[in-house]
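Values below: all heavy atoms of this structure, side chains included; hydrogens, waters and symmetry mates excluded. Note that the structure is a prediction, hence the values are computed from the model and not measured. Just follow the structure's listing: the first ligand is 1, and inside any ligand the first atom is 1.
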Amino acid sequence: MGIVNIFSDFASLFFPKLCAACNHSLVRNEHFLCTTCRMKLPFTNYHLTPDNEVAKAFWGRVQVENATALLHFHKKGIAQALLHKLKYKGRKEIGIELGKLAGYQLRDSLFFKEIDIIVPVPLHKARKRKRGYNQSECLAIGISEIIGKPVDSSSLIRVLNNSTQTRKHRYERWENAQGLFELRSPKNFEGKHILLVDDVITTGATLEACVQSVIEASNAKVSVFALVRA
Ligand SMILES: [Zn+2]
């Protein structure tokens, strides 16, 4: 046992590290999630199959090269618990750790090999100010750490606030989503393959608008990643 282990055991007497999902104390060699929760992570494994449910959400709507989500959503399930803490409890590190898990999948997938730039779906300025961070950017940072591609959080911006959007139907949402995003520096994306990163995909309307604004402004290719498929 090294000095570092003795010290971290000592420190954890006073500051026990907790599982990010179930809040039980972690034992040595457990990191971020306890073994039980880690085994229960509801992986979609969509990164292995191009014709998956997330990809299908874009069919006939907008050109997306490849699309995947890391986890399935179940009510009161583990993905919901993690997402809630990431979005509303200031737990940025959950985004980074899950981003890293996603990064390993993307790195080993045949379908995400040609990504050049990782772009988090931007929050509106006011919302980011309130939350203090963009949860999708945390995911992007984690992915970047593993696949070794840069994150660009400034070229794509959100121009309107869409807080009422969740109450609308899909068609109205698509309409509403138009003009939601703006690519400020299209040159940065010219000829590049962009990986758009979001926390949740439901109908795909927000991501669709995002992809649209990137494609319209530059000749970039776009693939899509979401943490959770709801
Ligand atoms: Zn746990």
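- Residues satisfying the ring-ring contact (aromatic ring centres under 6.0 Å, His included) test with H84, not counting sequence neighbours, are Y88.
- Salt bridge status for R61 with E208: present, with a side-chain N to carboxylate O gap under 4.0 Å.
- For the salt bridge (charged side-chain N to carboxylate O under 4.0 Å, His left out) condition, the pairs that include at least one residue of residues 42-54, sequence neighbours left out, are E53-K56.
- Tally of protein N, O or S atoms closer to the Zn ion (ligand 1) than 2.8 Å: 4.
- Comment: K128 engages E137 in a salt bridge, judged by a side-chain N to carboxylate O separation of less than 4.0 angstrom.
- At a threshold of 4.0 Å, the pair E190-K187 does not count as salt-bridged, since none of the basic side-chain nitrogens sits closer than that to a carboxylate oxygen.
- Partners of Y46 by ring-ring contact (aromatic ring centres under 6.0 Å, His included), not counting sequence neighbours, listed by chain and number: H72.
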